[in-house]
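What follows is a set of notes on a single structure, which appears directly below.
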Amino acid sequence: MTHSPPPLVLPPRLTRAVEALQEKDYRRLDDAVTRLHTVNAHLWDTEDQVRDPNLTASQVADCKRAIDQLNAERNALAERADEVLATLADEGRADAPLHTETLASVVDRLSVLTLRIWHSERAANRDELARRRVPALHQQREEMCAALDALVTDVVCGRRRLPMPARFKLYGREDSEATSVTPSPRLARVVAFGGLSECGKSTSAEFLRRTCGAQRLKIGYLLRQAAHRKGLADPYALSARRQAELLVGELNCFAEAHVDTRLITIESVHDDASIGELKVLMGDRLQIVYLDAPFTVRVARSGMPAQAVAAKDEIKLSRGAHQVAAVADHVINNSGSIAALRARLQQLADPAGPVQLRIATPYGLGLSAPVASATADFVDALRSSGPAVQLVALTGSPGEGAWIAGWSDLDLLVVAEHDASSRVTQALKSYGAALDGAAALGLTLVTPGELTARRLTPRLAFALHQLQQGQPVLHHAPDLQLPAITADELALAAVRELPQVILTMRRLRAEAGPDLLRQLYKHLTLACRLLLREQHHWTSGPDRILAAASRLPDLPAFSVPSLAEVSAAWRDGHRQQSLPPVIAGVDQLLAWYSTQLAA
């Protein structure tokens with residue numbers, strides 16, 4: 001026999017009338033009636049609990065407060081249902097007889113009767129009186145359904161009027177409303193950490209705070225806050241389900257007050273029952289992580305005597321901390337390296353996923369014919385390596401359709417398993433030989449694990465973002481998964497990358513000569529691009545970037561030649577002519593940058 005109460009089944013005429021409602025009203029009514037039935041089930045269980053003669057006075061008080069809250073929810077939900085059900089009535093007969101109760105009141109009684117039948121059937125094996133009552137209860141339900149259907153027919157035809165649905169119940173505050181146990185839309189993702197003493201719960205939560213901006217919360221803090229909010233003396237005396245509902249409510253309050261928070265961590269999960277119920281309420285938005293490590297490892301990491309760690313373990317074991325592993329979504333063996341732990345945490349906190357990438361051939365990227373041919377041979381060589389090579393792309397100017405022969409580099413991004421490195425190296429040597437100096441090659445070789453663990457440089461993050469925004473790739477595996485890179489992440493990455501670019505540009509300026517024209521120009525445009533990215537201003541192409549940079553506060557417009565002019569001067573050997581205005585632009589930006597930081 002199932003341990004969950006059966007759903008509430010409405011009689012046929014009422015069901016047909018409800019199905020004829022508009023979609024919005026139908027969903028609203030279905031939600032209210034479903035929640036009403038759930039609240040009645042909770043109310044039944046709580047009223048059973050309060051009859052336990054072994055309860056302390058504070059536990060009885062907590063149960064009474066819970067009953068009051070559930071009753072308030074029950075009435076609010078019934079009123080909500082009546083607001084929709086009242087639209088079924090034909091208002092053309094003002095002289096029609098008035099019925100004694102609303103449709104939702106009858107539905108509420110039908111819900112209680114459904115629960116009474118279920119509880120009686122469960123008790124029938126041990127209680128003779130309950131067994132004898134079951135047939136009579138089923139007859140009562142049939143009669144109530146028939147009466148409700150008859151009432152619906154009369155109401156729809158205008159032969160009977162319904163009373164005002166407002167109940168005007170007062171439970172504590174006059175503005176009391178039904179408490180929802182549904183996670184808020186603003187509650188994005190929660191990672192809950194369980195495990196024995198010194199297993200790495202706090203270390204893991206702190207890592208996610210620093211790298212992912214997670215908000216760290218303790219489960220005890222959440223329950224105490226919820227208890228204070230609800231006037232409860234001891235939240236731990238409540239059932240696991242009720243504790244989970246309190247936790248969801250408190251998490252909702254936090255999420256509504258911190259709307260930019262996309263990740264919350266919960267530490268000190270020591271009760272498998274309540275965290276299991278929380279998982280039922282939150283679904284995949286909650287990821288339960290159990291960190292496991294041998295006792296000797298935990299003692300060595302803690303710096304405490306073994307007896308102290310064992311004593312802390314005893315307390316956690318008595319609460320059922322070791323049983324959290326049975327309900328966990330992920331059990332992590334934390335006896336290895338910190339790099340392995342952090343990789344798993346990144347994968348859990350911000351998992352990679354399948355992406356839609358645009359495929360192109362090298363001949364569609366604006367490359368010269370010899371370069372396109374050599375590139376196609378390189379891609380074919382890597383594709384023949386099988387699934388070990390998962391992605392090949394040209395980033396930068398080829399991806400933007402702005403490659404210039406004799407000026408632009410070929411920046412390669414290859415995602416491949418480590419075992420394929422030698423094949424990538426061999427293919428790269430053949431590629432370079434085929435190019436015969438037509439373009440400089442730059443390779444970024446990264447493993448799939450590095451991507452899913454988000455071990456990304458700022459430039460790699462930007463390249464992935466560009467691919468996800470539609471820049472083409474030359475090859476990708478069908479099951480490729482990539483981390484999603486947001487614009488906010490790129491703005492933060494720009495903050496980290498810009499200092500190195502400025503230092504390099506200052507070194508190039510000190511060594512400035514005709515042979516450094518290309519590097520100076522590229523670092524000038526890169527620095528401006530990063531500064532614009534910090535401002536959430538996105539543009540591509542050196543000419544557009546340098547023009548947009550003039551909109552930065554107090555930065556005058558650059559008098560730098562266009563990309564076409566500079567690249568032509570570089571290619572044709574007239575570098576000395578274009579060097580002075582590029583140097584002037586570099587000096588202008590460095591002076592502005594120095595002033596901004598000094599301020």
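Here the structure is a predicted model, which means the values were calculated and not measured.
- Counting heavy atoms from C-beta outward, Val190 and Leu217 have side chains that stay 4.5 Å or more apart.
- When all heavy atoms of Ser550 and Ala557 are compared, the pair lying nearest together is CB-CA, 3.6 Å.
- Across every non-hydrogen atom of Leu286 and Ala192, the tightest pair is CD1-CB, 3.9 Å.
- Remark: the Gln500 side chain and the Thr504 side chain contain an N/O donor-acceptor pair separated by less than 3.5 Å.
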request  = Given side chain to side chain contact (heavy atoms under 4.5 Å, CB included), test Glu417 with Gln390 step by step and report yes or no.
outcome  = CA-CA 8 Å; Glu417 299 289 354; Gln390 298 198 2; 4.0 Å; yes

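- For Gln22, the CD atom sits in a loose shell: 12 or fewer heavy atoms of surrounding residues, nucleotides or ligands are nearer than 6.0 Å.
- Ring geometry for Trp538 versus His536: interplanar angle over 60°, hence perpendicular rather than tilted (30 to 60°).
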message = Please evaluate residues Glu497 and Phe462 with respect to the criterion side chain to side chain contact (heavy atoms under 4.5 Å, CB included), reporting the C-alpha separation (whole Å), side-chain torsions for both, the decisive distance (0.1 Å), and the verdict.
response = CA-CA 11 Å; Glu497 187 181 9; Phe462 180 66; over 6 Å; no

task = Check step by step if side chain to side chain contact (heavy atoms under 4.5 Å, CB included) holds for Phe378 and Leu394.
result = CA-CA 12 Å; Phe378 173 74; Leu394 279 175; over 6 Å; no

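- Heavy atoms only, all atoms of each residue included: Cys528 and Leu589 are closest at SG-CD2, 4.1 Å.
- Side-chain contact of Gln466 with Thr395: a donor-acceptor pair under 3.5 Å is absent, judged by distance alone.
- The main-chain N or O of Thr182 is found under 3.5 Å from a side-chain atom of Asn252 such that the two form a donor-acceptor pair.
- Heavy-atom contacts from other residues, nucleotides or ligands closer than 6.0 Å to CG of Asp284 number 12 or fewer.
- Checked by atom type and distance alone, the side chain of Asn334 never pairs as donor or acceptor with a backbone atom of Leu291 at under 3.5 Å.
- Checked by atom type, the side-chain pair Ser335/Asn333 shows a donor-acceptor distance below 3.5 Å.
- One finds a salt bridge joining Asp380 and Arg383 here, because a Lys/Arg side-chain nitrogen approaches an Asp/Glu carboxylate oxygen to under 4.0 Å.
- Atom CZ of Arg301 is surrounded by more than 12 heavy atoms from other residues, nucleotides or ligands within 6.0 Å.
- For the salt bridge (charged side-chain N to carboxylate O under 4.0 Å, His left out) criterion with Asp31, the lone passing option out of Arg27, Arg35, Arg28 is Arg35.
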Side chain to side chain contact (heavy atoms under 4.5 Å, CB included) assessment of Gln346 paired with Cys212 = CA-CA 8 Å; Gln346 285 280 23; Cys212 303; 3.5 Å; yes

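- Atom CG of Asp479 has more than 12 heavy atoms from other residues, nucleotides or ligands within 6.0 Å.
- Without hydrogens or angle criteria, His523 side chain to Met505 main chain gives no donor-acceptor distance under 3.5 Å.
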inquiry  = Test salt bridge (Lys or Arg N to Asp or Glu O under 4.0 Å) on Glu489 and Arg262; report intermediate values, then the result.
reply    = CA-CA 13 Å; Glu489 288 179 89; Arg262 308 308 301 165; over 6 Å; no

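- We find that Lys279 and Asp329 are joined by a salt bridge, their nearest charged nitrogen and carboxylate oxygen being less than 4.0 Å apart.
- The shortest non-hydrogen separation linking Trp403 to Ser408 is CD1-CB, 3.2 Å.
- Lys201 places a side-chain N or O within 3.5 Å of a backbone atom of Gly195 that can act as its donor or acceptor partner.
- A salt bridge does not link Glu267 to Arg209: none of the charged nitrogens lies less than 4.0 Å from a carboxylate oxygen.
- Arg285 places a side-chain N or O within 3.5 Å of a backbone atom of Leu187 that can act as its donor or acceptor partner.
- Of all heavy-atom pairs between Ser373 and Tyr363, the closest is CA-OH, 3.4 Å.
- In this structure the side chain of Leu428 reaches within 4.5 angstrom of the side chain of Leu412, judged on heavy atoms.
- A donor-acceptor pair is defined here as one N or O able to donate and one able to accept, closer than 3.5 Å; such a pair exists between the side chain of Gln468 and the backbone of Pro483.
- Rounded to the nearest 0.5 angstrom, Thr211 OG1 and Arg454 CZ are separated by 9.0 Å.
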